[in-house]
Amino acid sequence: MLQPTASAVAHLKELIASRGADPAVDGLRLGVERGGCAGLQYAMKVGSPQDGDTVIEHDGVRLFIPADSVDFLKGARLDYTDSLNDAGFKIENPNAARSCGCGTSFEPAAPAAH
């Protein structure tokens with residue numbers, strides 16, 4: 001399943017605290033939806049788990065993956081980068097045949113089995 005890096009965990013803890021969310025309940029909702037320039041795009045927001053979510057707990061943070069996004073994110077890595085021209089959460093996804101230049105949109109290597 002999705003693996004967060006130490007940098008992603010640290011920045012996610014800061015994000016949850018800055019939103020006044022409860023880290024024991026809330027976390028990062030990370031899903032895949034239609035859109036973007038490559039066909040599918042990542043959707044991220046701080047929130048609570050919903051029915052059917054896969055819950056990943058790692059070093060004190062929680063990630064919530066909707067059931068329809070699990071296959072797209074198997075083996076993916078969530079990182080946080082802070083470079084001169086870009087900062088934010090990034091997903092390294094082995095299920096992507098190609099990604100757009102901004103890194104928020106991708107084309108799946110194979111259709112997800114639902």
Side-chain angles (χ1 to χ4, degrees):
M1 188 36 63
L2 182 78
Q3 180 71 31
T5 66
S7 179
V9 168
H11 282 85
L12 185 52
K13 286 178 179 178
E14 290 176 16
L15 178 63
I16 290 170
S18 74
R19 301 277 171 96
D22 180 354
V25 176
D26 299 315
L28 182 68
R29 291 193 54 76
L30 174 59
V32 174
E33 55 191 31
R34 295 201 183 285
C37 54
L40 296 174
Q41 62 188 4
Y42 301 110
M44 294 183 227
K45 68 178 181 175
V46 173
S48 301
Q50 296 180 5
D51 288 341
D53 284 354
T54 295
V55 178
I56 299 168
E57 296 191 40
H58 188 84
D59 289 339
V61 298
R62 300 174 59 159
L63 304 170
F64 311 122
I65 314 294
D68 62 354
S69 298
V70 168
D71 288 337
F72 291 114
L73 296 171
K74 282 185 180 170
R77 187 174 95 136
L78 177 67
D79 194 13
Y80 185 91
T81 59
D82 191 356
S83 65
L84 190 57
N85 61 351
D86 191 22
F89 290 100
K90 305 290 181 200
I91 297 174
E92 296 172 18
N93 192 342
N95 305 302
R98 69 178 181 90
S99 295
C100 68
C102 63
T104 61
S105 176
F106 71 100
E107 178 183 330
H114 290 285

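Contact record, Phe72 with Asn93: O-ND2, 2.9 Å, taken as the closest heavy-atom pair. Scanning both residues, Arg34 and Leu40, for their nearest heavy atoms gives CA-CD2, 3.9 Å. Here the closest heavy-atom approach between residue Val25 and residue Pro49 is recorded as O-CD, 3.5 Å. Heavy-atom minimum distance, Thr5 versus Tyr80: OG1-N, 4.1 Å. Across all non-hydrogen atoms, the minimal contact from Ala24 to Arg62 is O-NH1, 2.7 Å. Across all non-hydrogen atoms, the minimal contact from Asp71 to Asn95 is O-ND2, 3.8 Å.
The distance from atom CG of Leu78 to atom CD of Glu92, rounded to the nearest 0.5 Å, is 9.5 Å. Within the model, atoms CZ of Phe64 and CG of Leu28 stand 9.0 Å from one another, a figure rounded to the nearest 0.5 Å. The NZ atom of Lys90 sits 10.0 Å away from atom CG of Asp82, with the distance rounded to the nearest 0.5 Å. In this structure, CD1 in Ile91 is found 6.0 Å from CG in Leu73, a value given to the nearest 0.5 Å.
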*asked:* For Val70 and Met1: C-alpha separation, side-chain torsions, deciding distance, then whether side-chain contact (heavy atoms from CB on, under 4.5 Å) applies.
replied: CA-CA 8 Å; Val70 168; Met1 188 36 63; 3.3 Å; yes
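Asp68 is not listed as a side-chain neighbour of Glu33, based on a closest heavy-atom distance of 4.5 Å or more. At a threshold of 4.5 Å between non-hydrogen side-chain atoms, the residues Asp79 and Ser7 count as touching. Residues Asp26 and Arg19 are not in side-chain contact: their nearest non-hydrogen atoms beyond the backbone lie 4.5 Å or more apart.
Arg29 has a carboxylate O that lies under 4.0 Å from a charged side-chain N of Asp53, or vice versa, which qualifies the two as a salt bridge.
With hydrogens and angles disregarded, a donor-acceptor distance shorter than 3.5 Å links the side chain of Lys13 to the backbone of Asp59.
Evaluated for a side-chain contact (heavy atoms from CB on, under 4.5 Å) with Leu63, the options Val9, Leu2, Leu30 yield exactly one hit, Leu2.
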